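Below is one structure; the comments refer to it alone.
Side chains included, hydrogens not; waters and symmetry mates left out as well; all remaining heavy atoms used. Predicted model only: the values in this text are computed from it and were never measured. Letters A, B, ... are given to chains in the order of the sequence lines, protein chains preceding strands, and every chain is numbered from 1.
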Amino acid sequence: MDKIIEGKAYVLGNNVDTDQIIPAEHLVYSLDDVEESKIYGHYALSGVPVKEAGLPEGNIPFIEQINNTSEFNIIIGGSNFGCGSSREHAPFALQKAGVKAIIAESYARIFYRNAVDGGFVLPLEADEKLINKISTGTELQIDLENYTLTDLSNKSTFKLLSPGDVLPIINAGGLFKFARASGLIA
Amino acid sequence: MNKTITEKILAKAAGKESVTPGENIWLNVDLLMTHDVCGPPTIQIWKNEFGENATIWDKDKLAVFPDHYIFTENKQANRNVDILRDFAKEYNLPHYYDVGSERYKGVCHIALAEEGFNIPGTVLFGTDSHTCTSGAFGLFSTGVGNTDAAFILGTGKIWEKVPQSIKLTFNGKMPEYLMAKDLILKVIGDLGTDGGTYKSLEFDGEAIFSLEMHERMTLTNMAIEVGAMNGIIAVDEITEAYLKPRISKTFESFQSDPNAEYSNKYEYSIKDIEPLVAKPHSPDNINTVHNVQGTQLTKCYIGSCTGGKISDFQAVAKILLGQQVKTPTFIVPATTQIAKQFETETYKGITLFDIFKHSGCAIGPASCAACLGGPSDTIGRASDGEVVISTTNRNYPGRMGSKKSEVYLASPLTVAASAINGKITDPREYL
Ligand code: SF4
């Protein structure tokens with residue numbers, strides 16, 4: 001895992017559920033077929049209501065029409081990010097779209113597990129509400145050595161929380177890699 | 001001892017004397033359930049990770065139900081069912097319920113109950129967030145993603161963090177106009193969609209133990225709507241009576257100790273609760289039916305794992321008998337067994353099937369159908385500009401189809417009363 005992650009922010013509100021992250025009608029595509037699975041990137045966050053898409057202004061498409069990846073690769077979310085269904089297609093779709101990390105106030109349990117156990121995106125928590133302090137499009141830097149987030153436009157820095165118990169799984173790159181490295185499975 | 005039911009079950013599954021909230025433990029899984037949306041990617045990850053000679057840890061502990069995208073022309077959706085079918089054949093699975101066959105069941109959570117997979121005192125994992133439904137039978141059940149499920153498929157094990165428990169006690173007797181759906185909407189309104197994150201919801205009290213099993217499942221089903229890991233109800237005679245014809249194994253029934261520790265306790269008096277709705281676009285956006293009555297509707301939907309059980313349709317029949325619906329109304333039984341019961345169950349001597357037909361409802365085949373929108377040809381799917389009242393469990397933007405639709409969640413009684421009037425209506429007007 002890189003110790004420094006840089007990218008453009010895409011800011012969302014509270015309770016971004018899995019239908020907003022990847023609408024149910026798209027769950028039919030293969031996640032394994034390299035070409036077909038790009039569709040998940042294309043539809044990532046396509047269920048977010050227009051006025052909430054890319055705060056504070058809203059109405060900022062996460063992905064330009066014909067693309068499968070986004071120019072935004074750090075998501076700033078509010079509370080209860082990823083609530084709703086158990087679909088692992090949700091963190092998968094964000095990964096396909098090029099998202100590297102999410103920084104939210106809190107996560108729904110299954111989404112968080114899926115992001116970590118599948119090694120798709122890095123789910124981090126801040127110890128304050130960031131959705132009113134960061135704007136979509138801002139260049140950000142995450143420092144995983146010191147658990148800080150810096151807004152590169154004005155150099156303001158925010159504290160991130162350590163993932164605690166699940167850090168070994170994150171560092172290994174997912175549940176299977178962790179289980180192999182620790183001898184749980186062959 | 002000062003342990004909750006959930007802590008006792010998890011300790012048993014972890015092979016430990018006792019466990020404490022916050023502790024990370026490895027569990028031996030008693031049953032893994034999957035379906036057509038998450039089954040194919042789970043199988044793929046399992047094959048990728050365990051290689052050519054991957055073996056299923058215990059075929060008898062795997063139940064596979066195609067149920068989500070079943071009656072559709074959508075090619076990729078049908079391909080997913082084909083993947084399950086081939087997998088079941090290749091590994092000679094004893095518990096695969098193929099669509100198009102006599103064995104087809106419908107919605108997984110209700111099929112688990114009907115087929116006797118809900119065994120008290122055990123731990124059940126499923127690739128579906130509403131796997132918490134099974135907790136109505138005094139077991140630990142929760143949803144996981146594909147990677148976790150693939151890990152279970154190969155090893156029979158999974159890690160969990162022991163949750164703190166929240167106790168919800170309902171005192172008093174249930175009146176005719178209230179259903180379990182009203183009670184759980186009350187809880188969701190009070191706790192919010194993240195009020196139970198990483199917690200266990202334990203239901204207790206006279207009103208809860210007066211409910212029959214299908215109604216209890218409505219409560220545990222929606223534990224996930226407050227973000228809870230599981231919902232649970234202790235075993236009593238009603239549970240045992242339901243299980244008796246379905247399971248032959250002996251099981252262990254756990255009870256919470258009187259001095260068990262809870263992160264929160266809520267006490268409700270049934271007489272203070274009235275019919276409720278969750279307004280668009282969140283299950284915690286709760287108001288009374290009374291306060292939103294008159295809202296014009298374009299569609300009524302009665303179905304899903306939370307609102308498409310036989311008890312739900314018995315309630316609907318009470319209201320629809322001899323009435324005509326004013327708004328297009330869709331009836332989708334959760335399982336094929338419930339669909340069969342439409343022909344045998346009666347209200348005032350008339351079968352449910354006849355009651356629904358004569359009142360002008362459209363009856364669809366057992367499956368998840370429009371509960372989660374689904375492909376464009378799904379029965380009952382919400383289109384742009386629609387205002388729907390539904391017995392399902394989620395109304396986030398786009399959940400039932402178009403993100404330009406609005407969905408109200410309510411009890412089957414409230415939805416039936418609203419169907420007759422074409423606008424949101426208090427069921428007390430028809431009881
Ligand atoms: S009926 Fe709805 S909530 Fe239940 S399993 Fe199917 S899609 Fe999920």
Side-chain angles (χ1 to χ4, degrees), chain A residues 14-20 23-33 36-37 39 46-50 52 79-81 83-92 105-120 164-166 169 174-180 184-186, chain B residues 24 26 37-38 40-42 44-45 48-50 68-69 72 74-80 126-131 142-151 154-155 157-159 161 192-194 197-198 224-225 227-229 281-282 284 372-376 378 394 396-399 401 403:
Chain A
N14 296 327
N15 294 318
V16 174
D17 80 298
T18 51
D19 277 290
Q20 295 181 49
E25 63 189 299
H26 303 308
L27 301 181
V28 295
Y29 304 113
S30 167
L31 292 101
D32 204 51
D33 183 290
E36 192 175 324
S37 67
I39 304 175
S46 64
V48 176
V50 177
E52 319 248 324
S79 60
N80 206 21
F81 192 91
C83 61
S85 90
S86 67
R87 66 189 72 153
E88 195 160 301
H89 312 66
F92 179 84
E105 232 179 304
S106 64
Y107 294 89
R109 166 184 164 269
I110 308 177
F111 179 88
Y112 184 83
R113 279 187 79 103
N114 287 345
V116 169
D117 283 356
F120 300 113
D165 291 344
V166 298
I169 302 179
L175 179 63
F176 277 98
K177 291 190 181 127
F178 166 78
R180 277 206 183 89
L184 282 164
I185 58 172
Chain B
N24 273 316
W26 285 87
V37 172
C38 296
T42 296
Q44 192 60 52
I45 296 171
N48 292 348
E49 293 290 346
F50 291 99
H68 276 61
Y69 300 154
T72 171
N74 184 293
K75 281 201 190 66
Q76 288 94 352
N78 288 321
R79 180 186 61 188
N80 278 339
T127 58
D128 190 285
S129 62
H130 291 103
T131 303
T142 193
V144 288
N146 310 332
T147 300
D148 284 349
F151 195 86
T155 65
K157 292 189 194 307
I158 195 65
W159 69 274
K161 191 195 280 265
T193 51
D194 58 355
T197 302
Y198 269 101
I224 184 66
E225 264 53 75
M229 188 186 278
H281 294 283
S282 179
D284 66 352
L372 84 164
S376 55
T378 304
R394 289 194 179 129
Y396 293 115
R399 168 70 180 183
K403 62 178 172 177

Which heavy atom of A:His89 sits nearest to which heavy atom of B:Cys38, and what is that distance? CE1-SG, 4.1 Å
Residue among A:Leu175, A:Thr18, A:Leu31, A:Ile185 with most heavy-atom pairs under 4.5 Å to chain B: A:Leu175
Measuring heavy-atom distances to chain A, does B:Ala150 have an atom under 4.5 Å in its side chain, in its backbone, in both, or in neither? both
According to salt bridge (Lys or Arg N to Asp or Glu O under 4.0 Å), who are the partners of B:Glu225, at least two apart in sequence or on a separate chain? B:Arg394
What is the distance from atom CZ of A:Arg113 to atom CE of B:Met229, rounded to the nearest 0.5 Å? 7.5 Å
Below 4.5 Å from any heavy atom of chain A, which atoms of B:Phe151 appear? Answer side chain, backbone, both or neither. both
Please look at A:Val48 and chain B and tell me whether the side chain, the backbone, both or neither of the residue comes under 4.5 angstrom of a heavy atom of that chain. backbone
Supply the atom-to-atom distance A:Phe176 CZ to B:Asp148 CG, rounded to the nearest 0.5 angstrom. 8.5 Å
Residue from B:Val37, B:Thr72, B:Asn74, B:Asn78 passing side-chain contact (heavy atoms from CB on, under 4.5 Å) with A:Val28: B:Asn74
Look only at the side chain of A:Glu88 and the backbone of B:Thr147, and say whether a donor-acceptor pair between them is shorter than 3.5 Å. yes
Heavy-atom distances under 4.5 Å only: say whether A:Phe178 touches chain B with side chain, backbone, both or neither. side chain
Based on non-hydrogen pairs under 4.5 Å, which of A:Pro91, A:Gly119, A:Ala90, A:Gly84 is most in contact with chain B? A:Gly84
Give the minimum heavy-atom separation between A:Ile110 and B:Gly145, together with the two atoms involved. CG2-N, 4.1 Å
In short, A:Ser30 meets B:Arg79 closest at the heavy-atom pair N-NH2, 3.3 Å
What is the distance from atom CG of A:Leu184 to atom OG1 of B:Thr155, rounded to the nearest 0.5 Å? 8.5 Å
Working to the nearest 0.5 angstrom, can you tell me the gap between B:Gln76 CD and A:Leu27 CG? 11.5 Å
Contact class of A:Asn114 relative to chain B, heavy atoms under 4.5 angstrom: side chain
Quick check on A:Ser46 against chain B: is it the side chain, the backbone, both or neither that has a heavy atom closer than 4.5 Å? backbone
State whether the side chain of A:Asp17 and the backbone N or O of B:Tyr396 hold a donor-acceptor pair below 3.5 Å, judged by distance alone. no
For A:Tyr112, all residues meeting ring pair (Phe, Tyr, Trp, His ring centres under 6.0 Å), sequence neighbours excluded: A:Tyr107
Looking at chain B, which one of A:Ser86, A:Gly174, A:Ala179 has the largest number of heavy-atom pairs inside 4.5 Å, strictly under? A:Ser86
Backbone N or O of A:Asp19 within a donor-acceptor pair of the B:Lys403 side chain at under 3.5 Å? no
Below 4.5 Å, heavy-atom pairs only: which of B:Thr197, B:Asn146, B:Asp194 has the largest tally toward chain A? B:Asn146
Part of B:Gln44 lying under 4.5 Å from any heavy atom of chain A: side chain
Given heavy-atom pairs under 4.5 angstrom as the criterion, report whether the side chain, backbone, both or neither of B:Pro397 touches chain A. both
Value for CG (B:Leu372) from CZ (A:Arg87), rounded to nearest 0.5 Å, stands at 6.5 Å
To the nearest 0.5 Å, atom OG of A:Ser106 lies from atom OH of B:Tyr198 at 11.5 Å
Of the listed B:Thr131, B:Asn24, B:Thr378, B:Ile45, the one with the largest count of heavy-atom pairs under 4.5 Å with chain A is B:Asn24
Any donor-acceptor N/O pair, A:Asn80 side chain to B:Thr193 backbone, under 3.5 Å: yes
Using non-hydrogen atoms and a 4.5 Å limit, figure out which bit of B:Trp26 sits close to chain A: side chain, backbone, both or neither. side chain
Is the backbone of B:Gly143 close enough, under 3.5 Å, to the side chain of A:Arg109 for a donor and an acceptor to pair up by distance? yes
